[in-house]
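Here the structure is laid out as structure tokens; the discussion comes afterwards.
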Amino acid sequence: ETGVAPVIATPIPLADLWERARSDSAYRLGRLIAVRTPLWWRAGAAHDLDSGDAWVRWYPDAPERSLRNLLHELAHNRRKTQLPATVADDWRDELETWLEAAAIAAAWGLDLFPADILDELCSLTEQLGVEHQAAAELAGTTDPRLARAAHIALCDLAEARGWDGAPFE
């Protein structure tokens, strides 16, 4: 939304989850920032491994979605995820991170990843891996960061041109 500050007061469920992780020595956490709009193209959350900071988009009508995204970033933090060498490594890591997020939720007694949701997240992640590999090939790169940038550019182009949801087929 233009003209609206993206940062909001951190909703209690996000703050509680962040504090729970902060009390665990497996995590190295900085600041948590809640936002109303994504700070990175269509992302629900992101983190910085060096600072331990993370931002999470708050979905007021679907708080469990925000909590799942935060758990995903916490899983990255706990796994000490580094920049992957290849596009395939990037999306394999994303898939493993969703599985780790579900394991963290289960260990903490949180019912945020029922089987149908986890299956959907894994399928989406696998599809994004295929799309990013295609974008990388079109861009002539094997660098995962450039593949992500190429994917964003192609998705923006598809949206601007009104193409259907299959620009990578």
Side-chain angles (χ1 to χ4, degrees), residues 1-84 87 89-132 144-145 147-149 151-152 155-156 159 165:
E1 298 174 43
T2 305
V4 177
V7 176
I8 61 172
T10 304
I12 291 171
L14 290 177
D16 288 349
L17 195 58
W18 189 257
E19 288 308 313
R20 183 169 190 169
R22 187 185 294 281
S23 70
D24 185 327
S25 64
Y27 302 92
R28 187 181 156 279
L29 301 176
R31 297 173 301 148
L32 174 62
I33 301 165
V35 298
R36 72 179 84 241
T37 58
L39 299 181
W40 187 52
W41 186 84
R42 296 186 184 172
H47 76 288
D48 182 82
L49 190 60
D50 294 331
S51 68
D53 294 346
W55 65 264
V56 178
R57 182 175 182 186
W58 180 247
Y59 296 94
D61 295 336
E64 64 285 346
R65 180 177 179 186
S66 300
L67 292 169
R68 281 192 292 270
N69 288 337
L70 177 54
L71 282 161
H72 180 83
E73 299 312 318
L74 289 171
H76 273 301
N77 185 283
R78 186 162 97 170
R79 291 166 49 87
K80 311 294 187 254
T81 303
Q82 299 295 320
L83 184 64
V87 175
D89 290 344
D90 188 13
W91 290 94
R92 187 178 314 100
D93 179 69
E94 286 299 320
L95 182 60
E96 291 170 2
T97 301
W98 276 119
L99 297 173
E100 176 82 9
I104 293 166
W108 290 352
L110 303 171
D111 187 24
L112 290 169
F113 290 92
D116 61 325
I117 295 289
L118 187 57
D119 288 347
E120 182 182 323
L121 289 168
C122 290
S123 292
L124 175 61
T125 301
E126 289 168 353
Q127 179 60 36
L128 285 169
V130 169
E131 291 178 10
H132 281 76
R145 293 169 299 181
R148 285 182 182 242
H151 183 263
I152 290 168
C155 287
D156 284 347
E159 187 175 306

Partners passing side-chain contact (heavy atoms from CB on, under 4.5 Å) against [X] (at least two apart in sequence or in another chain):
X: Asp24; answer: Ala26, Tyr27
X: Leu39; answer: Pro6, Val35, Trp55
X: Pro63; answer: Trp58
X: Arg65; answer: Tyr59, Ala62, Arg68, Asn69

How many angstroms lie between atom [atom1] of [X] and atom [atom2] of [Y], to the nearest 0.5 angstrom?
X: Leu67; Y: Trp18; atom1: CG; atom2: CH2; answer: 13.0 Å
X: Glu96; Y: Thr125; atom1: CD; atom2: OG1; answer: 11.5 Å
X: Ile12; Y: Thr10; atom1: CD1; atom2: OG1; answer: 10.5 Å
X: Leu17; Y: Leu71; atom1: CG; atom2: CG; answer: 4.5 Å

Legend entry - Contacts of Arg57 that satisfy side-chain hydrogen bond (donor to acceptor under 3.5 Å, both in side chains) - sequence neighbours left out: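 For Arg57, no residue satisfies side-chain hydrogen bond (donor to acceptor under 3.5 Å, both in side chains) once neighbours in sequence are set aside.
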Heavy-atom closest contact ([X] atom, [Y] atom, distance):
X: Pro38; Y: Ala43; value: CB-O, 3.2 Å
X: Pro11; Y: Ala34; value: CD-CB, 3.7 Å
X: Asn77; Y: Gly52; value: ND2-CA, 4.1 Å

- Query: Any chance CZ of Arg31 has more than 12 other-residue heavy atoms, nucleotides or ligands included, within less than 6.0 Å?
  - Reply: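 Counting neighbours around CZ of Arg31, 12 or fewer heavy atoms of other residues, nucleotides or ligands fall under 6.0 Å, so no.
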Can you name the salt bridge (Lys or Arg N to Asp or Glu O under 4.0 Å) partners of [X], sequence neighbours left out?
X: Glu19; answer: Arg22
X: Arg78; answer: Glu100
X: Glu126; answer: none
X: Arg28; answer: none

_For Trp91, all residues meeting ring-ring contact (aromatic ring centres under 6.0 Å, His included), sequence neighbours excluded_ =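 For Trp91, the residues satisfying ring-ring contact (aromatic ring centres under 6.0 Å, His included) (neighbours in sequence not counted) are His132.
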Sequence-distant partners of His76, ring-ring contact (aromatic ring centres under 6.0 Å, His included), two or more places apart: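 Here the qualifying residues are His47, His72.
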Answer whether the closest heavy-atom distance between the side chains of [X] and [Y] falls below 4.5 Å.
X: Pro13; Y: Leu70; answer: no
X: Val56; Y: Ser66; answer: yes
X: Asp89; Y: Pro144; answer: no
X: Leu128; Y: Glu94; answer: no
X: Thr37; Y: Val4; answer: no

**Q.** Check: Ser123 side chain, Glu120 main-chain N or O, donor-acceptor pair, under 3.5 Å
**A.**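 The answer is no, because no donor-acceptor pair under 3.5 Å joins these two groups.
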Which pairs would a plain distance check flag for residues 110-119, meaning a side-chain donor or acceptor within less than 3.5 Å of a matching protein atom at least two apart in sequence or in another chain?
none

Apply salt bridge (Lys or Arg N to Asp or Glu O under 4.0 Å) to Asp90 and Arg148, showing your working. CA-CA 10 Å; Asp90 188 13; Arg148 285 182 182 242; 2.8 Å; yes
Notebook entry, point to check: Ion pair present between Arg79 and Asp93, side-chain N to carboxylate O less than 4.0 angstrom?
Noted result: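 A salt bridge is present here (some side-chain N lies under 4.0 Å from a carboxylate O).
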Candidate pair Asp53 and Leu32, rule side chain to side chain contact (heavy atoms under 4.5 Å, CB included), full reasoning: CA-CA 6 Å; Asp53 294 346; Leu32 174 62; over 6 Å; no
